[in-house]
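All remarks here apply to the structure that follows.
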Number of protein chains: 2
Amino acid sequence: MRLVIARCSVDYAGRLSAHLPLATRLLMVKADGSLLVHSDGGSYKPLNWMSPPCTLTTHEPDDDQADAGITAVWKVTHSKTADQLVVNVHEVLHDSAHELGVDPGLIKDGVEAHLQKLLAENIGLLGDGHTLVRREYMTAIGPVDILARDAAGRSVAVELKRRGDIDGVEQLTRYLELMNRDPHLAPVAGVFAAQEIKPQARTLAEDRGIRCLVLDYDAMRGLDDTHSRLF
Amino acid sequence: MRLVIARCSVDYAGRLSAHLPLATRLLMVKADGSLLVHSDGGSYKPLNWMSPPCTLTTHEPDDDQADAGITAVWKVTHSKTADQLVVNVHEVLHDSAHELGVDPGLIKDGVEAHLQKLLAENIGLLGDGHTLVRREYMTAIGPVDILARDAAGRSVAVELKRRGDIDGVEQLTRYLELMNRDPHLAPVAGVFAAQEIKPQARTLAEDRGIRCLVLDYDAMRGLDDTHSRLF
DNA sequence: AAATTGATTTCGCTG
DNA sequence: CAGCGAAGTCAATTT
């Protein structure tokens with residue numbers, strides 16, 4: 001990885017055109033040839049970049065460019081799409097290269113899959129006497145996240161989201177409509193479960209007789225015995 | 001901006017949990033206190049990060065951590081959500097700080113506007129013998145992107161999108177319905193033109209007798225004589 | 001301020 | 001390999 005701090009301007013020509021005026025920025029050249037242009041603030045997203053596979057070439061400025069104060073021109077060209085990123089370097093304030101090696105990669109925990117696992121393991125959160133039928137219960141239009149039965153033996157279909165939005169309610173509604181046509185399952189009640197349920201989604205769900213359940217991830221992790229992994 | 005190359009492991013605890021095993025990485029500390037952990041490959045997305053507003057504190061390792069080879073512990077805490085990123089630094093290979101100043105920010109060129117201009121200038125892409133009536137043809141419910149006439153003199157209304165979605169088809173349908181009531185224009189044919197047309201949108205459009213036209217932005221730019229703007 | 005929508009989205013899984 | 005859904009999405013626009 002090569003790190004360069006430089007005063008530069010940047011032009012991108014690809015699916016759109018974009019321009020960065022002259023300013024001091026970090027240019028990060030990764031081992032795969034990709035280039036990231038970062039400012040000293042904002043989000044984790046670079047101001048501009050070129051994704052691999054791509055190749056970087058450096059050029060001498062022509063006379064006009066030299067007159068404009070440009071000391072070097074970097075061109076990064078995408079190998080497949082011919083998108084091009086052009087960096088006009090005016091002044092280099094820092095330049096260093098580092099050997100990093102391959103990264104073992106991120107281990108994630110706590111996404112929708114994990115929520116599903118936790119709720120399946122604590123199916124009583126749906127209400128007293130509930131029992132799990134199965135996770136990822138397959139229907140003709142896709143898998144329902146969780147199928148359970150309530151204390152009276154009636155089917156309960158659960159749609160799980162990290163963030164409960166209108167879309168999720170629509171999705172569950174489609175499942176319920178289909179499942180309620182199956183005499184083996186009907187009547188099927190719906191539960192919309194999420195860490196956070198937006199007001200609109202709640203309104204729509206309740207209007208359709210779908211129960212809303214806000215999940216407390218930390219509390220559920222507390223019920224789970226493997227919660228001490230990180231600490 | 002501070003740039004540190006270090007052998008380190010990273011743990012994140014927030015909306016999800018994530019872990020990065022020991023490896024050599026770039027730690028980028030931005031002026032707003034945010035931290036980015038980058039590997040030497042992959043996309044522009046960091047392996048892990050903490051968005052502003054947040055604060056970074058560094059700590060001495062305790063005895064157990066020192067025995068494990070940790071020389072410093074960085075803790076980055078989000079100011080609002082209490083999300084936390086912990087970096088266990090084993091070895092620092094590079095450490096430098098740089099003054100960058102505020103970035104003037106990215107200037108994007110409009111894409112839909114540019115597409116409209118390009119199609120208007122190459123109206124023959126609609127089919128042989130087509131002529132442009134005008135761009136932004138005004139109707140009671142808003143402007144139609146392009147109004148043209150085919151070789152036989154019949155009206156053609158074009159709705160342009162970068163990404164052709166259901167919404168765009170509905171919009172064009174409304175225009176067509178209205179315009180077909182105008183005896184000066186009727187019959188008006190519809191063309192739904194986009195860089196990318198989603199299958200659902202295509203099905204709906206064709207079901208309504210609307211022609212779909214996929215635009216090749218690069219090819220159109222090639223036809224345009226101003227394509228050399230950047231070079 | 002909340003909600004909606006697009007993104008040079010990226011990323012991971014499933015068929 | 002393509003297609004689809006989720007993301008610690010982010011960011012801009014609209015309501």
Separation of atom NE2 in His38(B) from atom P in dT10(C), rounded to whole Å: 13 Å
Side-chain H-bond candidate by donor/acceptor type, Arg7(A) with Thr24(A), under 3.5 Å: no
Atom of Ser39(B), atom of Leu100(A) and distance for their closest heavy-atom approach: C-CD2, 4.3 Å
Interatomic distance, Leu204(A) CG vs dA3(C) C1' [rounded to whole Å]: 15 Å
Side chain of Tyr44(B) - closest among dC11(C), dT9(C), dC10(D): dT9(C)
Whole angstrom value for the distance that separates P of dC11(C) from CG of Leu16(B): 15 Å
Phosphate-side-chain proximity, Ser43(A) and dA11(D), N/O vs OP1/OP2 below 4.0 Å: yes
Sugar-phosphate, base or nothing in reach of Thr81(B), heavy atoms under 4.0 Å: nothing
Between dC11(C) (P) and Leu47(B) (CG): distance, integer Å: 10 Å
Touch class at under 4.0 angstrom, heavy-atom based, for Met50(A) against every strand present: nothing
Nearest-nucleotide comparison on DNA chain C, the residue closer to the 5′ end among Lys45(B) and Leu106(B): Leu106(B)
Residues Glu159(B), Lys161(B): salt bridge by 4.0 Å N-O rule: yes
d(CG, Asp145(A); P, dA6(D)) in whole Å: 8 Å
Close side-chain approach of Leu85(A) and Trp74(A), heavy atoms under 4.5 Å: no
Upstream residue (5' side of DNA chain C) when Gly42(B) and Asp165(A) are each assigned their closest nucleotide: Asp165(A)
Separation of dA11(D) P from Ile107(B) CD1 (nearest whole Å): 17 Å
Options dA6(D), dC10(D), dC11(C), nucleotide nearest the side-chain atoms of Lys161(A): dA6(D)
Whole angstrom value for the distance that separates C1' of dT10(C) from CG of Leu36(B): 15 Å
Ring geometry between Tyr44(B) and Trp49(A) (parallel below 30°, tilted from 30 to 60°, perpendicular above 60°): tilted
Protein-nucleotide distance (Gln116(A), atom CD; dA6(D), atom C1'), rounded to Å: 13 Å
